[in-house]
Amino acid sequence: MMSIEWLSVLLAVFAGAIRASTPFLLISLGECLTEKSGRINVGLEGTLVTGAMAGYAVSYVSGSPWLGVMAAGFAGTSLGLIHGVACSFRRVNDIAVGIALLILGTGLGIFLGKPFIQPQAPLLPAVDLAWWTEVPQIRAALQINPLFVFGIALALAMAWFFANTRPGLIVRAVGDSSAATAALGIRINTVRTLSTAIGGFFAGMGGASLSLFYPGSWHEGLSSGQGLMAVVLVIFARWDPLRCIYAALLFGGAGALGPALQSIGISEGYHLFNAAPYLLTLGIMLFEYSPGRRIGGAPGELTLFR
Amino acid sequence: MKSYHPTRRTVLRGLGGSAVGVMTFGIKSVVLAEESITVGFLAVDNWNDYGYTQSHLESANALGERGDVSVLKEEGVPEGVEVQKAMKSMIELSGASVIVATAWGYYDPHVLEVAAEYPDVHFLHCGGIWTPEQPPNVATYFAYTDEVAYAAGFVAARMVSSDQLGFLGSKPIPEILRFANSFTIAARTVNPDITTKLVLTGEWTNPVREAEATNSLIDQGIQAIGCDVDIPKVFIETCAKRQTFCTGMHVSQRDLAPDWFLTGAEWNWITPVDRFISAVVSGEPYEHNMRGGLGQDMVKISPYGNAVPDDIRQEADAVVEELKSGSRGIYVGELRDNQGNVVVPEGETLPVDDVSLELTEWLVEGIVGSTT
Amino acid sequence: MRAASAVLRIVPLSVGGGLFVTTVALSLSALIFGAFVASLGVDPFGVFATIYKAAFGSWFSWQNTLSRAAPLILAALCVALPARLGLVIIGGEGAILLGGLAAAVAGIHLAGLPAIVGTPALLVAGATVGGLWIGFCGVMRSYRGVNETISSLLLVYLAVTIFDHLVDGPLRDLSNVNFPSTHPIDENFKIGNIPGADMHWGLVVGCLACLAAALYMRVTPQGFAMRIAGGNPRAALALGLPVGRMVIVVCLVGGAAAGLAGALEVAAVQGRASGALHVGYGFMGILVAFLARHNPLAVIAAAILTGGIAASSGLLQRVYDLPDATAIVLQGIVFLSILTCETLYGRAGALFRWMMPGPTSRERA
């Protein structure tokens, strides 16, 4: 019997990794794009809340969850544009603006979301990858969030974009050395503003994945800090979109560990299980870093690492 | 009493508001006729949350219908110096003469300190316990959910074909442990082999963790889950998506999942609040610790969901009547905790208003899980 | 026009420019927020009048504002001090929680001692634990090169976990039935209000700490060294300044400020440690520090502005039936305007000339 229970924990962590990782994946990809261009946006928590609200509201009003996803993306783009334009001015600090936007985004999401707490909006349909099995647990685990599929495709596309395209090269160049790119006649602020705005679009979609798929609901406490983790995830992934997938899956799965262990009766110190992902990240950072050397992959212009 | 309306209009014009009547956010009455009193409600979360705070919104709205009181509301007030200042601001700037503080963290020291400073204002707190050395202008109210939790557990147990139930809680506090205990005790009267798997999220609200916990329980093959978290919306919707029965808490969540929602425990705060306000209005002394359960109309049972067949409804209604009349007890000896210790000896029955239950830290036999 | 530009020249730019830029920023935010509430059909002028009345309109309102500002001042120092060395610490919340918890534990275990010993001991306990917590970020930064922004954020989650685990479990006072908290501290150790005011001494402690930090930065050689290292770490290393040690020290001191904030909350407001300490003072402190451009004295003003907006939330809800998020939206708009208008610093004079074309602009040409 015991082994079946442990199997179920493994399954729960696996399923939880897929279920809970989508917002992590989308915000980390958005943040990755922004940081590659040399800016950092620590306000994605606000984008996530605004996106979740906008997605749910538009889905409810229009009846189409996909319109909701687009609305969430554009809400995120608006916040990203504010960040991008504000930081284009001289002496304006991107970290500080990010924190202001965190507050503004959270406030707007809560304010405008009031009328949408009670109604139930149509949710995104799942992608069913479980045609081959009859086991209910596995069937449930393989009802995949369509935005997760989008996120995987996006990660692949972004990796290819950075490696093989001219605009991808420009973003990376702007992020690594603004002086060199300015000499080439590239408009640095435009590149960075666009990168932040598009990154905001992805983060807004991350919010929609919370409100329109998993957990698939809207109220003010919907996000429990996933957006704050964007910066951590990107460092964890060392600015590599493909590694963002692993980072997101790891954080999603680690979050499922505590509840899964409790559900089979292992509940001593349940608070401590919930800290697992953060401790793990800290441990990896301590292990991988060394003094006086920039971590591999860090864009040279990033204020955080100068 | 409609006599304050002319005053209200005057105030509106005075503040320059135009077309106030048709918009979402309007200026509220601030000046009132002599015979009405102003009651200020404070909450830590947001009013429309489908959970604990909404249960208080319902009582604030019901109180407003009395006619002789004007209700002020303030949400999102942290349990620190902020709530002290918010109470004082309601008193000093908005003329409140009664404060209803709804979050559990407001009582000690915040309500007690402010009450000592304003002896002419009456303070009502949900969840605290008043003792005679505390200010005389303070009263508390709280309700016993044991009976409604029992009813929920009974229905859940009748609806499943297996001998497993689940329970989702937030923190290991007496209120939530009692709820889980009563839920399980009732289920085991239906089928003595039933065990309840308990998951505590450790936070008052954390939607993703609640959804994860619910999914984990369902993956164990559990067919019905009870809950006591602050905002059960995500829990109920997750159960519906996974086609699993669930029971609600705080307010009725039936509309969220009519086919999977069985029934639930609801607070009925208007009973104690109205009693307190009546005493204040008439100038009579009030009860300092108002407690009660089903019999006192302080809690109620949510309407049954579509899935509950008539025979089970009738059985559950009968159980509720027995609980009300006292012919059925919940904590009936011999009752053991899940460590094997006897908590209620053979031949004894602990009534739900027994003081020792307010300090519950044990889990009843049949619950799989621990509180640490 | 001449008079205006003359005034600009006479008043030191840091003050005159600061006031000018802040005025521009606040007007801008008033415009945006006014449009926002007007679009909802609410009279913006009435709203502004209400905000003013609730935040600064009377002595009562001022006390409300200052009480809310008190914890933000110390929380902001946790960001502002390390920022002088170019560090971005965003984990003050963790130090506040654990500092508060340490203070509560000290206050419980030292019960019976005279207040003159107990109260300082409790505050020192909070500051020590907070200092060590953020100091650890400094150590990781100095010895392993671990980015302090990320490590301090991760440590917040760890702090919350440790705090919840202890307060919900081993340290819990079961007699405080449905609200997990520690036992209360000895009543004698409690810090009272400033005489004649409804504000506790934490405000004074915070202001003194800001003053001390400002003096340290300006007057002492160590403060001067810190300013060099913050401006140009390579030059500092070339000069033989112990940058690594300075990083650790500044993190220790910043963390101590946040820990002290937590300890003061316990000693002056809560009387025990509970989840009520976890309300985001640490995160608001980041913003206050950035608003103040990490100047310890400006931190006080920024905290008062932030506290004032928070203080207006209640009256806005009661008079206009607006949700609590109104104050959060206003804070977001104000912060964003102020931070964006930073770009006007040093360019205030130019802007003045641009706004009022006259002899001065010809002079320049």
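Here is how names work: the chains are called A, B, and so on, in the same order as the sequence lines, proteins then strands, and each is numbered from 1. Values below: every heavy atom of this structure, side chains too, minus hydrogens, waters and symmetry copies.
- For the atom pair OG (A/S195) and CG (A/N41), the distance works out to 11.5 Å, reported to the nearest 0.5 Å.
- Interface check for chain C: of the options A/V97, A/V85, A/L104, the most heavy-atom pairs under 4.5 Å are formed by A/L104.
- Among C/G244, C/G332, C/C341, the residue making the largest number of heavy-atom pairs under 4.5 Å with chain A is C/G332.
- One distance of note links OG of C/S313 with CZ of C/R318; it measures 9.0 Å at 0.5 Å rounding.
- Heavy atoms closer than 4.5 Å to chain C are found in the side chain of A/I82, but not in its backbone.
- Using a 4.5 Å cut-off between heavy atoms, A/I110 contacts chain C through both its backbone and its side chain.
- Heavy-atom pairs under 4.5 Å with chain C peak, among A/A96, A/C87, A/A86, at A/A96.
- Heavy-atom contacts from other residues, nucleotides or ligands closer than 6.0 Å to OH of A/Y246 number 12 or fewer.
- With chain A as partner, the option from C/D168, C/I338, C/I162, C/D164 having the largest number of non-hydrogen pairs under 4.5 angstrom is C/D164.
- Rounded to the nearest 0.5 Å, atoms SG (A/C244) and CG (A/L249) are 11.0 Å apart.
- Once rounded to the nearest 0.5 Å, the distance linking CD1 of C/I89 with SG of C/C251 reads 4.0 Å.
- Comparing C/V334, C/I328, C/L154, C/V329 by heavy-atom pairs within less than 4.5 Å of chain A, the highest count is held by C/L154.
- Checked for salt-bridge contact, C/R141 and C/E148 meet the test: a charged N lies under 4.0 Å from a carboxylate O.
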Start with the C-alpha distance between C/F36 and C/V47, add both sets of side-chain angles, then the distance that settles side-chain contact (heavy atoms from CB on, under 4.5 Å), and finish with yes or no.
CA-CA 11 Å; C/F36 177 72; C/V47 166; over 6 Å; no
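- With a 4.5 angstrom heavy-atom cutoff, C/L155 touches chain A only via side-chain atoms.
- A/F236 does not touch chain C: none of its heavy atoms, backbone or side chain, sits under 4.5 Å away.
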